[in-house]
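On a predicted model such as this, the values are computed, not experimentally measured, just so you know. Computation of the quantities below employed the complete heavy-atom set of this structure, encompassing side-chain atoms and omitting hydrogens, waters and symmetry-equivalent molecules.
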Amino acid sequence: MSKYLLYFMVVGLCYTTSYENYFKNLWGPYEEKFGYFSEEERLETLEGIREMFYFGYNNYMKHAYPQDELDPIHCTGRGPDYENPSNININDVLGDYSLTLVDTLDTLAVIGNSTEFKHAVKLIIDNLSFQNTTVQVFEATIRVLAGLLSSHLLILDPHQPFGDLSPTDYNNELLDLAHDLASRLISAFDSTGTGIPFPRVNLHDGVPVNCINETCTAGAGTLVLEFGILSRLLGDPTFELVARRAVKRLWHYRSNVTGLIGNVINIQTGEWVGKMSGLGAGLDSFFEYMLKSYILFGDQEDLRIFNESYESIKFHMRRGRLKCNTGLGTTPLYVNVHMTSGDTANYWIDALQAAWSGVQVLHGDIEEAICSHAVYYAIWRKYGSLPERYNWYLRAPDVLFYPLRPELVESTYFLYQATKNPFYLHVGRDIFNSINEHAKAECGYGTIHDVNTKELEDRMESFFLSETCKYLYLLFDRDNHVNKHASKYLFNTEGHIFPIDQMFRDKPWSDDIELPIDIDNNLPVTVVDVRDNISSTNCDSISNLQRYNLPLASHYLEQIGQAVGVDLNT
């Protein structure tokens, strides 16, 4: 009898102590460390994550609300830097609109706190208004617009699977706020020669007079989910059409040699200012949204763009052996390249690229997702966090800070949902323990300024509660409604949940409606065989060995550790 079949039998017997001891003798150190995660450990970790969330949330409400963010070291609130308008590190995100509360609404629902959810919704309805602030269109869309829309849809869900989330006398106020905000953001699409939006708008005055004519690809091409949902809820095509036009223009300007797009473009001329192509900052969520837009809206054009992008990415960016889990050669790695040639552009990868594994899971490319994820987990194990940029040639960070980003735990969550392999519970617990140990401050969790020294910055970004805590919680909350009905929900790039529902497949307007700017869209269509219900069917292809053995063979896991310079078994 093979050890794999025996392992299967043991899973059915819930791992008695005698079998655990048997495996300790039979398996190597990696299987012994990662091959089992007890129910007691799961529940203990889940409770720790719940405490982590409430420590951050309660302190935000106590010390920072109604400001945008919490400074967890000095226990104060933070809003836009009005004295220094050029401080885009702050001002691109903070808009005097109680960002952390809006961004965290659906996390309250997911963890089952309907009372606090309704209280937070009432605070937002009674107090939220849009000030004379200049914000990045992308950040305001994925955090605030999405937070309002997600919570509105949760309130309207007739089944109320997360508990009674409907505030007394609710009358679509969150949708009205979302409409108000989007009506201010849509000015970014005015006066551009291409239909690609300006990166920033003032929420009172529109595009600032000194706004640059350049934007990153992700910033311009990651609006279609939120703008599309709003359009279909309102029956007004304008918001979705401008977002889709921007995507088509970005795609139109791709390299005719490699099929790749760059990371920064001039919105007036369509000229690529940044010609680096990769899967991290500036590009990441463009590809994510093409696949997710297809899942939500069923538009074949979105799927075509994603599949053609994916083919070009694998051909030009991927380095290493042909297969993740078989064969000889170095660990597969996706690198940054020049968009026109596919030549390696630099020797770093960044923290945002850790989300790529989750996109690969949704696409059904599980083997590739396993390898992509394992590289980032090895880096995490080395530093107890994920540096913003990691130089894979020098095996050292290029940019040292870690702002509690969610991307690695997001991919960990999706891989666990796909495989149910206990390896990913160990990864999640490592992430939770590291954050608790190194990032906990006086009244919240702070950005790790230096992954080597663990020195903290006095800032808790809204995505820590909105995404990092949410994905960690869902990873360990086996019976959560989202997990039991995974094919019915889609996460936006900020971790907000949207229902996959027929109402978003049916356009309440004619397909003949067009905006004034149009382009030649007569491009060859790639014929693909993809089932409509991607999120529920792709996981059926996972082999039993992937579910119950290590997702990556021990010698390959050891190879990754050696490449990064860390022993994953310690």
Side-chain angles (χ1 to χ4, degrees), residues 29-57 59 72-73 107 111 351 354 357 373-388 390 397 400-416 421-457 460-461 463-478 495 550-551 557 560-561 564-570:
Y30 288 105
E31 287 88 354
E32 181 180 327
K33 179 177 178 61
F34 297 113
Y36 171 63
F37 202 92
S38 73
E39 180 68 1
E40 181 182 1
E41 291 174 301
R42 183 186 72 83
L43 293 174
E44 179 183 351
T45 308
L46 181 63
E47 181 58 31
I49 294 164
R50 184 184 289 110
E51 292 174 0
M52 171 186 281
F53 170 78
Y54 281 118
F55 184 69
Y57 176 79
N59 275 294
I73 296 175
T107 306
I111 66 175
S357 304
H373 174 273
V375 171
Y376 278 92
Y377 175 52
I379 298 170
W380 181 284
R381 285 297 299 273
K382 184 175 183 178
Y383 299 102
S385 54
L386 204 58
E388 190 72 355
Y390 177 80
L400 295 171
F401 69 90
Y402 169 62
L404 311 183
R405 289 197 187 279
E407 283 74 18
L408 178 58
V409 70
E410 174 185 353
S411 290
T412 303
Y413 167 70
F414 278 109
L415 274 164
Y416 181 69
N421 195 299
F423 174 84
Y424 296 107
L425 297 179
H426 286 277
V427 175
R429 185 173 60 179
D430 279 349
I431 294 172
F432 161 69
N433 286 339
S434 294
I435 292 174
N436 232 9
E437 179 181 355
H438 300 305
K440 193 171 186 178
E442 180 68 23
C443 57
Y445 292 86
T447 291
I448 296 176
H449 178 70
D450 186 327
V451 298
N452 292 310
T453 66
K454 303 301 186 290
E455 176 189 356
L456 293 184
E457 293 180 21
M460 187 178 81
E461 295 222 37
F463 53 65
F464 173 66
L465 298 179
S466 173
E467 292 186 85
T468 308
C469 288
K470 180 186 289 153
Y471 283 123
L472 277 172
Y473 189 86
L474 286 172
L475 176 62
F476 289 93
D477 188 17
R478 182 183 57 204
L550 283 176
L557 196 61
I560 291 174
V564 172
V566 63
D567 184 354
L568 293 175
N569 188 48
T570 57

For this session: Only counting residues at least two apart or in another chain, list the ones meeting ring pair (Phe, Tyr, Trp, His ring centres under 6.0 Å) with Y473.
Result: none
Problem set entry | Contacts of Y471 that satisfy ring pair (Phe, Tyr, Trp, His ring centres under 6.0 Å) - sequence neighbours left out | Y413, F491
For this session: Go through the structure and list residues passing salt bridge (charged side-chain N to carboxylate O under 4.0 Å, His left out) with E47, not counting sequence neighbours.
Result: R50
Problem set entry | Partner set under salt bridge (charged side-chain N to carboxylate O under 4.0 Å, His left out) for E410, not counting sequence neighbours | none
Exercise. Among all residues two or more places apart in sequence or in another chain, which pass the side-chain contact (heavy atoms from CB on, under 4.5 Å) test with E455?
Worked result: H449, T453
Seminar exercise, completed: Residues at least two apart in sequence or cross-chain that pass salt bridge (charged side-chain N to carboxylate O under 4.0 Å, His left out) with E457, listed by chain then number, are none
Seminar exercise, completed: By ring pair (Phe, Tyr, Trp, His ring centres under 6.0 Å), Y424 pairs with (sequence neighbours left out) H373
Exercise. Does A354 have any side-chain contact (heavy atoms from CB on, under 4.5 Å) partners at least two apart in sequence or in another chain, and if so, which?
Worked result: Y376, L386, E407, L408
Problem set entry | Residues that F463 engages under ring pair (Phe, Tyr, Trp, His ring centres under 6.0 Å), provided they are two or more places apart | none
For this session: Of all the heavy-atom pairs spanning F55 and N59, show the shortest one and how long it is.
Result: O-ND2, 2.7 Å
For this session: Using the test side chain to side chain donor-acceptor pair (under 3.5 Å), find all partners of S434 that sit at least two apart in sequence or belong to another chain.
Result: W380
Exercise. In chain order, what residues pass the salt bridge (charged side-chain N to carboxylate O under 4.0 Å, His left out) check against D430, with sequence neighbours excluded?
Worked result: R381
Considering only distance and modelled atom types, tabulate donor-acceptor pairs under 3.5 Å from the side chains of residues 435-445, sequence neighbours left out.
residue, atom, partner, partner atom, Å
N436, OD1, Y445, OH, 2.7

